[in-house]
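In what follows, a structure is listed as structure tokens, so that the remarks can point back to it.
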Amino acid sequence: MNPIKIATAQFENRSGDKAYNLSVIDKLAGKAAAEGSQIITFHECSITGYTFARKLSREELLEISERIPEGQSVQELISIAKKHNIVILAGLFEKDESDQIYKGYVCVNGEGLIAKYRKLHPFINPNILPGNEYCVFDLFGWKCGILICYDNNIIENVRATKLLGADIIFMPHVTMCTPSTRPGAGFVDPKLWDNRHEDPTSLRLEFDGMKGRDWLMKWLPARAYDNAIYAIFSNPIGMDDDQLKNGCSMIIDPFGDILAECRNFEDSFVTAMIYPWKLTDAGGSRYIKARRPELYKDIIGQSHQPEQKVVWLKS
């Protein structure tokens, strides 16, 4: 494997406005390619918008969902990738040939679809079905995986994707700044976003505190460190429907160190070079080799009834 340059983006999407969101993806992908990035990744449902879907009926969800890869948005994404000669990862609502609805995420280049993933733990709308497969694929000689937002909170998903061969895991999110049972969590007042130019300090304090980045730092670097992976985190900035999101898209190396992070309030991206030697020099590589699955394979694999509760949906 050779070193590669990856960009992760943040932007303020518009709910249901695919044309606008794709135009921003086009703009940021072009800038990233001009700066030498080979790959750029965008947040969960970056093509369609996300949080507004909690209010939609099944019929309305079907209306905004598309087939993959033949749908118009994915075809447009392929055209953008071809124009800029860059690999693009982005998300949207997917419907299959039976009109079953999923939370989709795709990786494309100018030649077409490279990989498709369906979120394993969707919750934004009860009409969205969970995916049932992990996803590992090749990019520039590297093995890559995808896990969407809540999928990364179940640590087995990250370890399983690593054990299937992934050295890079793309982690698109729409997260932070919502209520939770953890101390310090909660919504961030949209008025702070409206006043961000006059008073950036008050907004940054909310974004960086326990409502936002401080919570992320409790677990995200650990996923990279424990599994000796590059974690490529992407998240929107600004208003997503009626909720404010704090961006901070970042690239974390197998040592758990942040290589690059979006630290402004604009539609933007950051880039980092990633190197294969870190995969084996980081401690997680040694810990994976030291595993003794015979001790816990029956414990981890025992029958279990999944229960997924999201506090803010009931707020």
Side-chain angles (χ1 to χ4, degrees), residues 44-45 50 53-54 58 61 65 68 91 93-106 115-137 143-176 178-183 185 215-216 218-229 231-233 254 256 283-315:
E44 176 184 15
C45 284
Y50 174 65
R54 75 191 192 277
R58 174 175 167 78
L61 265 178
S65 300
I68 296 175
F93 294 104
E94 177 195 3
K95 58 185 174 186
D96 67 10
E97 63 279 357
S98 302
D99 280 346
Q100 302 297 313
I101 304 169
Y102 300 92
K103 181 74 66 57
Y105 198 78
V106 298
K116 179 184 79 171
Y117 175 76
R118 292 170 172 171
K119 189 175 184 179
L120 305 177
H121 299 273
F123 61 83
I124 197 68
N125 187 299
N127 293 293
I128 299 172
L129 298 178
N132 289 302
E133 293 182 320
Y134 293 114
C135 174
V136 176
F137 56 99
K143 290 288 186 180
C144 302
I146 299 167
L147 292 169
I148 300 175
C149 200
Y150 203 102
D151 297 345
N152 293 280
N153 298 131
I154 291 82
I155 59 175
E156 290 88 349
N157 289 332
V158 185
R159 177 51 59 90
T161 304
K162 169 64 179 183
L163 292 178
L164 287 171
D167 293 317
I168 301 168
I169 300 183
F170 295 97
M171 299 179 176
H173 281 64
V174 176
T175 193
M176 297 180 279
T178 51
S180 170
T181 54
R182 60 182 169 80
W215 166 75
L216 192 71
K218 288 180 176 292
W219 64 269
L220 183 58
R223 299 293 185 271
Y225 177 81
D226 287 344
N227 294 287
I229 58 162
I232 317 298
F233 171 83
S285 176
R286 298 190 295 276
Y287 309 148
I288 289 171
K289 292 177 181 177
R291 290 176 306 117
R292 295 183 58 193
E294 72 276 8
L295 295 176
Y296 38 78
K297 64 179 181 178
D298 293 333
I299 299 172
I300 294 175
Q302 65 184 299
S303 180
H304 169 71
Q305 181 62 43
E307 180 181 292
Q308 187 176 349
K309 294 181 178 180
V310 179
V311 172
W312 67 262
L313 277 176
K314 300 174 178 63
S315 299

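Given the structure is predicted, the values throughout are model-derived calculations rather than measurements.
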Closest non-hydrogen atom pair between [X] and [Y], with its separation:
X	Y	answer
Ser98	Asp96	N-OD1, 2.8 Å
Gly145	Thr161	CA-CG2, 3.9 Å
Met171	Val158	CE-CG1, 4.5 Å
Val136	Gly165	CG1-C, 4.5 Å
Ala228	Gly284	CB-C, 3.8 Å

Please round to the nearest 0.5 Å and tell me the distance separating atom [atom1] of [X] and atom [atom2] of [Y].
X	Y	atom1	atom2	result
Leu164	Phe137	CG	CZ	13.0 Å
Ile300	Glu156	CD1	CD	6.5 Å
Ile146	Ile169	CD1	CD1	10.5 Å
Ile155	Trp219	CD1	CH2	12.0 Å
Leu220	Asn152	CG	CG	7.5 Å
Leu313	Arg54	CG	CZ	7.5 Å

Residues that Glu307 engages under salt bridge (Lys or Arg N to Asp or Glu O under 4.0 Å), provided they are two or more places apart
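Lys309.
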Residues that [X] engages under side-chain contact (heavy atoms from CB on, under 4.5 Å), provided they are two or more places apart:
X	result
Pro126	none
Ser65	Phe93, Lys95, Ile101
Asn127	Arg58, Leu61, Asn125
Thr181	Val311

Among all residues two or more places apart in sequence or in another chain, which pass the side-chain hydrogen bond (donor to acceptor under 3.5 Å, both in side chains) test with [X]?
X	answer
Asp167	Lys162
Tyr117	Asp151
Glu294	Arg292
Tyr225	Tyr287

Apply ring-ring contact (aromatic ring centres under 6.0 Å, His included) to [X] and list each qualifying residue two or more places apart in sequence or on a separate chain.
X	answer
Phe123	Tyr150
Phe233	His173
Tyr102	none

Under the 3.5 angstrom rule, does the side chain of [X] hit a backbone N or O of [Y] as a donor-acceptor pair?
X	Y	result
Arg159	Asp226	yes
Glu44	Cys149	no
Arg223	Ala231	no

If you count every heavy atom of other residues, nucleotides or ligands that lies below 6.0 Å from Leu163 atom CG, does the total exceed 12?
yes
From the list Lys116, Gln100, Lys119, side-chain hydrogen bond (donor to acceptor under 3.5 Å, both in side chains) partner of Glu94 resolves to Lys116
